[in-house]
Structures are given as structure tokens and as C-alpha cells.
K.L.:
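One structure is given below, represented as C-alpha cells, and several questions about it will come after.
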Amino acid sequence: AQTQKFTPRDESPEEFPAGPGREEAFYACTACHGFKLVAAQGMNRRQWEDTLAFMTARHGMPNLEGKDRELVLNYLETTYPPRAPATGGWQNPFLNR
């Protein structure tokens, strides 16, 4: 079986929140997978750093260094931080709280 190379032709950086590092993060990540996968995550800086290290070591992502690494990490940390866990399941939006 032949392996197909991923090419994210259906996404562009402009579809994601603007900010310094958006294009750098988009192109670093979309060399292997869609950016919607990245945007679906919510992690703190250490988790983003660990993810970049994992992608570099395990999947051959080119290592981001210096200013480029800082720019990408700042964008990811700011734009896709950890989300608050859902509490109590479904809640009636019409109840007075």
C-alpha cells in the first residue's frame, strides 16, 4: 500500500485567529496534518512545548528554534489555552442562577 502525503489545501492561515505567529504555527504544523487538529486542542505552554518536542522526535518535524519557536509557542499558548472542564453536564439555560 502506498502512503499518501498530506497537503492541507482546504485550509489557510486566515481561517484561524489572527495574531503574531499565526502563519509560522500554521505552516509548521500543516507540513504533516491539518491545522484544525491543532485548533481543537487546548494546552498550556509546557504541553505545547512537549507536543512540539514529540512531533520533532517522533514524526520528523523540523526543529523550531530561537525566535521562530518562541513565536509559535506564544501563538499556540495565547490562542489555544486549556479550556475549563465542563461541569455538571447539561444545564437548563432558562434557570435563574
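Quantities reported herein were computed from a predicted structural model and do not represent experimental measurements. Atoms considered below: every heavy atom in the structure, side chains included; atoms not considered: hydrogens, waters and symmetry mates.
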K.L.:
For E70, what residues pass the side chain to side chain donor-acceptor pair (under 3.5 Å) criterion, not counting sequence neighbours?
P.N.:
R45
K.L.:
Shortest non-hydrogen contact from V72 to A25?
P.N.:
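That closest heavy-atom pairing would be CG2-N, 3.8 Å.
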K.L.:
Tell me every residue that passes side chain to side chain donor-acceptor pair (under 3.5 Å) with R69, counting only those two or more places apart in sequence or in another chain.
P.N.:
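Scan of R69 (side chain to side chain donor-acceptor pair (under 3.5 Å), adjacent residues dropped) gives none.
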K.L.:
In chain order, what residues pass the side-chain contact (heavy atoms from CB on, under 4.5 Å) check against P13, with sequence neighbours excluded?
P.N.:
R22, E23, F26, Y27
K.L.:
Could you check if a side-chain atom of Q41 sits within less than 4.5 angstrom of a side-chain atom of Q47, using non-hydrogen atoms only?
P.N.:
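Counting from C-beta outward, Q41 and Q47 never come under 4.5 Å.
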K.L.:
Heavy-atom distance under 4.5 Å between the side chains of N74 and W48, does that happen here?
P.N.:
no
K.L.:
Would M61 and F54 count as a side-chain contact (heavy atoms from CB on, under 4.5 Å) if you check the C-alpha gap in whole Å, the side-chain angles of each, and the deciding distance to 0.1 Å?
P.N.:
CA-CA 9 Å; M61 178 181 136; F54 176 78; over 6 Å; no
K.L.:
Apply side chain to side chain donor-acceptor pair (under 3.5 Å) to E24 and list each qualifying residue two or more places apart in sequence or on a separate chain.
P.N.:
none
K.L.:
Taking only residues at least two apart or on different chains, which pairs with a member in residues 54-68 satisfy side chain to side chain donor-acceptor pair (under 3.5 Å)?
P.N.:
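Sorted pair list: N63-E65.
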K.L.:
Nearest 0.5 Å please: distance from the SG atom of C29 over to the CG atom of L76.
P.N.:
6.0 Å
K.L.:
I'd like to check the side-chain contact (heavy atoms from CB on, under 4.5 Å) partners of P17; sequence neighbours left out, ordered by chain and number.
P.N.:
Y75, T79, Y80
K.L.:
Applying side-chain contact (heavy atoms from CB on, under 4.5 Å), can you list everything that pairs with D50, at least two apart in sequence or on another chain?
P.N.:
R46
K.L.:
If we only count heavy atoms from C-beta on, is the L73 to E77 side-chain gap below 4.5 Å?
P.N.:
no
K.L.:
Quick check for you: to the nearest 0.5 Å, what is the distance between E49 atom CD and M43 atom CE?
P.N.:
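Answer rounded to 0.5 Å: 11.0 Å.
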K.L.:
If you look at every heavy atom in L71 and G21, which pair is closest and at what distance?
P.N.:
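What the structure gives for the nearest pair is CG-CA, 3.5 Å.
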